[in-house]
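Single-structure report; data block below.
A note on names: the letters A, B, ... follow the listed sequences, proteins ahead of strands, and every chain is numbered from 1.
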Protein chains: 2
Amino acid sequence: MRSRIEDVAEAAGVSMKTVSRVLNHEPNVREEMRQRVMRAVEKLQYRPNLSARSLAGQRSYVVALIYNNPSRNYLMEVQSGMLEACRASHYNLVLAPVGAQKQRKADDMKAVFENFSPDGVVLIPPLTDDEVVLEYLEAHDVPFACIAPKQAQDRIGVNMEETRAVQELMAGLIALGHRRIAHIKGPPAHGACQWRLKGYRDALRKAGIEYDPALVVAGEFSFESGIEAAKHLLDLKPRPTAIFAANDDMAAGVIRAACERGLSVPEDVSVCGFDDTPIARHIYPALTTVRQPTAEMGRLATLQLLDRIRNPEAGAMVHVEHTLLFRESTQPPTRR
Amino acid sequence: MRSRIEDVAEAAGVSMKTVSRVLNHEPNVREEMRQRVMRAVEKLQYRPNLSARSLAGQRSYVVALIYNNPSRNYLMEVQSGMLEACRASHYNLVLAPVGAQKQRKADDMKAVFENFSPDGVVLIPPLTDDEVVLEYLEAHDVPFACIAPKQAQDRIGVNMEETRAVQELMAGLIALGHRRIAHIKGPPAHGACQWRLKGYRDALRKAGIEYDPALVVAGEFSFESGIEAAKHLLDLKPRPTAIFAANDDMAAGVIRAACERGLSVPEDVSVCGFDDTPIARHIYPALTTVRQPTAEMGRLATLQLLDRIRNPEAGAMVHVEHTLLFRESTQPPTRR
DNA sequence: CTGTTAGCGCCTTCAA
DNA sequence: TTGAAGGCGCTAACAG
């Protein structure tokens with residue numbers, strides 16, 4: 001049978017409460033007591049019962065990842081980073097997909113809280129700026145951390161300097177000799193859309209290249225939307241010599257559309273993406289892209305959240321670094 | 001404040017225990033009582049407190065997915081299917097990655113049970129046939145369900161007729177005119193390796209084609225291992241006219257290796273994979289493959305597990321159907 | 001078929 | 001700095 005806190009107390013010759021204090025790192029315990037307790041814990045292989053602890057302590061030791069239709073890879077990465085942080089603190093991770101429609105979303109949020117009573121929540125785009133979700137969290141005073149929110153003011157979580165990352169990527173393209181560079185945007189609900197577009201425009205301006213709205217088209221972050229957008233761009237005369245898609249899935253779509261038109265990448269058109277998902281390496285030619293440390297972002301966001309759960313004043317918006325990856329899908333434009 | 005079972009009992013004018021009976025679908029409750037209770041539950045928006053329920057009932061309402069280094073996509077799909085089944089039964093899903101080394105794996109298993117006390121476990125390859133894991137589960141009498149185990153005897157969970165699926169895929173290749181078909185195997189620890197190899201050999205035999213061991217090489221299910229294997233196969237003289245890789249990631253590796261050698265797919269060599277992961281559609285040319293309903297398998301395995309948790313006699317090994325997908329990466333062999 | 005009682009294992013409050 | 005008692009919300013065992 002599993003040992004209880006009472007057994008530990010007895011073995012250590014102290015009261016239950018003292019054991020509890022030690023286990024929860026509460027103050028007011030003499031070092032000698034602490035050691036005695038720790039020895040007993042070790043000896044009896046004691047582990048607190050999560051249910052009992054939750055019931056008495058009025059918290060669930062659960063952190064929820066609330067999401068809505070993100071890219072599978074992105075989700076997987078964030079999740080694995082969160083998992084790491086959660087395990088270290090003996091928290092449990094609950095995955096909470098919510099619907100897209102307003103009412104459905106509200107119902108799903110409610111269900112998550114009724115079922116699991118998470119002590120805190122991590123939000124990923126596009127939910128980081130979702131009215132329904134934020135209202136619910138604020139109304140119920142639930143601590144939450146955001147990954148790459150559009151609006152970072154007064155938030156805790158993780159951010160990357162996406163605008164700067166795109167500027168650097170674009171600068172690389174321009175250094176190769178490209179002047180006519182197209183861009184496929186992400187969905188406006190993602191902060192990514194605006195940051196990446198801004199980076200694109202900033203880089204053009206800095207290089208003294210005029211911004212041409214005809215070269216910027218909307219995408220939905222999906223492979224299919226990349227194909228559609230590329231079809232349009234590849235028919236332009238003169239054709240752009242490079243296409244920067246706001247994520248890798250769309251960039252993969254661009255490569256496919258180019259192939260279908262008998263164009264080769266990068267000879268006829270250079271392509272680059274963003275994120276460095278596995279497809280970037282697996283596709284031919286391998287994608288030039290920006291690596292975003294997604295798992296690490298999940299881990300850091302969770303750490304900030306756990307800090308805030310313990311102390312409502314704690315937690316901050318932290319930053320992570322990107323990495324530029326120039327691979328096979330880009331080269332200097334060919335003279336025609 | 002959240003209402004408790006006591007409040008419901010009072011509102012319905014019955015005892016707590018009667019409410020508990022209704023909520024847990026226990027027998028021995030008059031229909032009239034049941035309705036009265038349900039109305040009160042509705043009115044008070046009552047939801048049971050998970051922690052209290054777990055503590056009193058000695059179960060966690062947690063199901064763990066135990067895995068070790070599977071393909072990201074596979075994991076994601078299984079997980080989303082499990083999530084669906086779990087939510088429907090108000091169970092919680094815990095993700096439990098475990099180490100590869102023997103000791104580490106045992107420690108990780110122990111930690112999962114100490115932290116979350118799952119009521120049951122779902123296993124995916126290659127852990128479905130792992131000695132350490134199975135011993136632990138059996139020793140502790142933990143209900144578990146398996147997805148695609150090598151050894152299905154006396155197990156519950158889900159299986160697909162992989163051998164037949166591969167036979168059909170191969171028959172398609174043979175019908176296109178291929179005779180010299182190579183195969184890249186999966187890692188032996190996966191049942192998939194043996195089933196798929198068997199399908200390959202059976203199909204050859206049925207078509208009266210002699211089995212040539214030189215055409216069968218080992219892979220590790222990774223993109224990189226696909227490249228390595230393909231390099232070897234593409235150097236063979238005469239070159240195989242088609243390559244069947246045991247999963248999509250390796251097939252993508254084959255396509256990359258072919259491209260790097262200046263060979264085109266499917267003109268110079270046809271390629272097919274297995275699983276229908278997203279990359280199969282995103283790569284150029286799109287992969288001929290076999291669709292495995294992975295999410296559905298996760299869902300069904302979980303349902304079997306939940307049945308067994310409720311009743312140690314219940315649960316079975318169920319089967320799912322595959323789908324053949326002939327896409328761009330295969331065509332009749334070119335006369336040279 | 002329904003109700004009463006006694007915990008499940010821990011934390012909180014308050015007293016020492 | 002430490003301990004004792006009560007209760008978190010629910011279910012199990014046993015009566016009625």
Side-chain angles (χ1 to χ4, degrees), chain A residues 1-38 40-41 44-62 90-92 113-117 119 309-310, chain B residues 1-38 40-41 44-62 90-92 113-117 119 309-310:
Chain A
M1 216 43 226
R2 209 165 150 155
S3 56
R4 298 158 308 155
I5 202 170
E6 202 182 327
D7 306 324
V8 178
E10 192 177 354
V14 299
S15 76
M16 272 170 62
K17 181 61 212 182
T18 301
V19 178
S20 174
R21 284 206 179 88
V22 171
L23 262 35
N24 294 301
H25 306 97
E26 284 173 36
N28 297 340
V29 180
R30 244 195 337 218
E31 180 58 21
E32 188 206 324
M33 288 278 132
R34 211 186 66 76
Q35 300 220 347
R36 240 163 64 196
V37 169
M38 289 314 282
V41 164
L44 299 179
Q45 293 258 8
Y46 171 76
R47 301 280 169 242
N49 176 315
L50 248 178
S51 308
R53 185 182 249 190
S54 300
L55 180 59
Q58 316 267 48
R59 28 196 189 137
S60 60
Y61 294 90
V62 160
H90 293 282
Y91 265 73
N92 193 357
F113 279 83
E114 283 179 353
N115 286 326
F116 304 115
S117 323
D119 294 334
I309 287 173
R310 289 170 194 131
Chain B
M1 217 43 227
R2 207 166 152 158
S3 55
R4 299 157 307 154
I5 202 170
E6 204 182 325
D7 305 324
V8 177
E10 191 177 353
V14 301
S15 76
M16 272 169 60
K17 181 62 212 182
T18 301
V19 178
S20 174
R21 284 206 178 88
V22 171
L23 263 35
N24 294 302
H25 307 97
E26 283 173 37
N28 299 339
V29 180
R30 238 188 349 207
E31 179 58 19
E32 188 206 323
M33 287 278 131
R34 211 186 67 75
Q35 298 220 348
R36 235 159 69 192
V37 169
M38 288 314 279
V41 164
L44 299 179
Q45 293 259 4
Y46 170 77
R47 301 280 171 243
N49 177 316
L50 247 177
S51 308
R53 186 182 249 189
S54 300
L55 181 58
Q58 316 267 51
R59 21 193 195 141
S60 59
Y61 294 92
V62 160
H90 293 283
Y91 265 73
N92 193 358
F113 279 82
E114 282 179 352
N115 285 326
F116 305 114
S117 323
D119 294 335
I309 287 173
R310 290 172 194 128

Next on the checklist: Which residue in the set B/Met16, B/Lys17, B/Glu10 passes side chain to side chain contact (heavy atoms under 4.5 Å, CB included) when paired with B/Ile5?
Outcome noted: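 Running side chain to side chain contact (heavy atoms under 4.5 Å, CB included) over B/Met16, B/Lys17, B/Glu10 with B/Ile5 returns exactly one hit, B/Met16.
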
Distance-only, no hydrogens or angles: does the [X] side chain make a donor-acceptor pair with backbone N or O of [Y] under 3.5 Å?
X: B/Arg36; Y: B/Ala12; value: yes
X: B/Asn92; Y: B/Val62; value: no
X: A/Arg2; Y: B/Glu114; value: yes
X: B/Ser51; Y: A/Ser54; value: no

Just how far, in rounded Å, is [atom2] of [N] from [atom1] of [X]?
X: B/Arg21; N: C/dT2; atom1: CZ; atom2: C1'; answer: 6 Å
X: A/Tyr46; N: C/dG9; atom1: OH; atom2: C1'; answer: 7 Å
X: A/Arg2; N: C/dC8; atom1: CZ; atom2: P; answer: 15 Å
X: B/Asn24; N: C/dT2; atom1: CG; atom2: C1'; answer: 16 Å
X: A/Leu44; N: C/dG9; atom1: CG; atom2: P; answer: 14 Å
X: B/Asn49; N: C/dC10; atom1: CG; atom2: C1'; answer: 14 Å
X: A/Tyr61; N: C/dG9; atom1: OH; atom2: P; answer: 17 Å

Checklist entry - Does the pair A/Met33 and A/Val22 meet the rule for a side-chain contact (heavy atoms from CB on, under 4.5 Å), with working shown? => result CA-CA 9 Å; A/Met33 288 278 132; A/Val22 171; 5.7 Å; no

Min side-chain heavy-atom separation [X]-[Y] under 4.5 Å:
X: B/Asn24; Y: B/Arg53; result: yes
X: B/Asn115; Y: A/His90; result: yes
X: A/Leu50; Y: B/Ser117; result: no

Next on the checklist: Can you give me the first and the last nucleotide of DNA chain D (5' to 3') that has an atom within less than 4.0 angstrom of a non-hydrogen atom in chain B?
Outcome noted: D/dG9 to D/dA13

Next on the checklist: Quick check: closest heavy atoms across B/Tyr91 and B/Ile309, and the distance to 0.1 Å?
Outcome noted: OH-CG2, 3.7 Å

Checklist entry - Side-chain donor-acceptor pair under 3.5 Å between B/Thr18 and B/Ser15, yes or no? => result yes

Checklist entry - Heavy-atom contacts under 4.0 Å between residues 25-34 of chain B and DNA chain C, which residues? => result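 Under 4.0 Å from DNA chain C: B/Asn28, B/Val29, B/Arg30, B/Met33.
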
Checklist entry - Among residues 6-18 of chain B, which contact DNA chain C at a heavy-atom distance under 4.0 Å? => result B/Val14, B/Ser15, B/Lys17, B/Thr18

